[in-house]
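See below for the structure under consideration.
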Amino acid sequence: MKPIDCEDLYSDGRHYDCQTKYLVEDIPFHLRQIKKYGGPVLELACGTGRITIPMAEKGIEITGLDVSETMLSHARKKAAKKGVNVEWIKADCRNFKLNKKFNLIFFPFNSITHLHDLKSLEACFSCVKEHLTHKGRFVIDVFNPHLDILMRDPSRRYQISQYSDPDGKGTVIITENNIYDTATQINRIKWYYSIGKEKDKFVVENNMRILFPQELDALLLYNGFTIETKFGNYDETPFDSASPKQLVVCYPK
Ligand SMILES: C[S@@+](CC[C@H](N)C(=O)[O-])C[C@H]1O[C@@H](n2cnc3c(N)ncnc32)[C@H](O)[C@@H]1O
């Protein structure tokens, strides 16, 4: 299995929360799946609890699992401040054993793209199967790849985020460029952080394993899952060629 290579990207949960503060539309989608299939719930790659904590606030029995201690410690602080109960687990989603089974396991917000090789994906799917109840469901949320983004000119930069630095050092502006490797299907993205007057103060890599729609379906099928539904967006429209998202609801055969 390839090693995890996103530690720098997730080195400060406060920055992650600033970068994702606009993102809320996935929460009602995941809530609807939980209402449909029930708890207890396990979120893989829960990060700072952006989704986990609002679920716990609704009284859902939820476990958040992530490999990053920095992200989890920020999540713990936020949950404590809100007085909500979440079980936080520091573990690799490719190798975990919890003494519990779940009616719903979800893998939100493109986190699956951090699994860069087949062995990693297979190991994760195998752990998921071991932790689902007999009626349990597995929900994956990953974008539907856009060829024009993958094939962008690597010498060009695109602004992707702007927010106030949590340490009060001014405005943070993140620009990115990327180069897509067609053999490994890894999009090698670089994020350049400018903080206040300091341009490109630091650069972090965000390497994403691109999962094409037919490939994702086939991967799930040969790993022993049956696909129940595939939505194309959080409003639950069916998946088609114009869909921005791949939202797969599946269960072990
Ligand atoms: C895009 S963030 C998603 C966080 C959160 N689920 C959300 O929606 O805001 C991706 C998360 O995946 C975690 N991660 C990456 N590789 C992982 C692995 N092998 N096992 C567990 N977590 C992993 C990172 O630490 C990071 O917190």
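Keep in mind the model is a prediction, meaning the values are calculated, not measured. Counting starts at 1 for both ligands and their atoms, in listed order.
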| Glu215 bridged to Arg209 by N-O distance under 4.0 Å |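 So Glu215 pairs with Arg209 through a salt bridge.
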Suppose we call two aromatic rings close when their centres sit under 6.0 Å apart. Are [X] and [Y] close by that rule?
{"X": "Phe106", "Y": "Phe138", "result": "no"}
{"X": "Tyr16", "Y": "His74", "result": "no"}
{"X": "His15", "Y": "Tyr10", "result": "no"}

| said: Would you say Tyr234 ends up clustered with Ile51 if hydrophobic residues are merged whenever their side chains have heavy atoms under 4.5 Å apart, either directly or through other cluster members? | reply: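 Yes, because Ile51 and Tyr234 connect within a single hydrophobic cluster, where side-chain heavy atoms sit under 4.5 Å apart.
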For [X], counting its heavy atoms only, list the atoms of ligand 1 lying under 4.0 Å from any of them.
{"X": "Cys6", "result": "15 (C)"}
{"X": "Ala91", "result": "20 (N), 21 (C)"}
{"X": "Gly47", "result": "4 (C), 27 (O)"}
{"X": "Tyr16", "result": "1 (C), 2 (S), 3 (C), 4 (C), 5 (C), 7 (C), 8 (O), 9 (O)"}
{"X": "Pro108", "result": "6 (N)"}
{"X": "Ser68", "result": "25 (O)"}
{"X": "Cys46", "result": "4 (C), 5 (C), 6 (N)"}

| task | May I ask you to establish whether Lys230 and Phe239 are in a cation-pi arrangement, using a distance under 6.0 Å from NZ or CZ to the six-membered ring centre and at most 45° from the ring axis? | result |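 Judged by the rule, Lys230 and Phe239 form a cation-pi pair.
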| request: Validate the cation-pi geometry between Arg157 and Tyr192: distance from NZ or CZ to the six-membered ring centre under 6.0 Å, angle to the ring axis within 45°. | output: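 Ring-cation test returns yes.
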If I apply the N/O under 3.5 Å rule, does [X] come out as touching ligand 1?
{"X": "Asp92", "result": "yes"}
{"X": "Cys93", "result": "yes"}
{"X": "Arg50", "result": "yes"}

Contact between [X] and ligand 1, counting heavy atoms under 4.0 Å?
{"X": "Glu7", "result": "no"}
{"X": "Asp66", "result": "yes"}
{"X": "Asn110", "result": "no"}

Nearest protein heavy-atom contact for [atom]: which residue, which atom, what distance?
{"atom": "atom 16 (N) of ligand 1", "result": "His114 CB, 3.8 Å"}
{"atom": "atom 12 (O) of ligand 1", "result": "Ala45 CB, 3.2 Å"}
{"atom": "atom 1 (C) of ligand 1", "result": "Tyr10 OH, 3.2 Å"}
{"atom": "atom 23 (C) of ligand 1", "result": "Val67 CG1, 3.5 Å"}

| query | Looking only at heavy atoms, which two atoms of Ile227 and Cys250 are closest? And how far apart? | reply |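 Scanning both residues completely, I find the closest heavy atoms to be CA-CB, 3.9 Å.
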| query | Any sub-3.5 Å donor-acceptor pair from Asp117's side-chain atoms to Lys2's backbone N or O? | reply |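 Yes; judged by distance alone, with no hydrogens or angles, the pair exists.
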| Which part of Ile51 is near ligand 1, with near meaning a heavy atom under 4.0 Å away: side chain, backbone, both or neither? |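 Side chain only.
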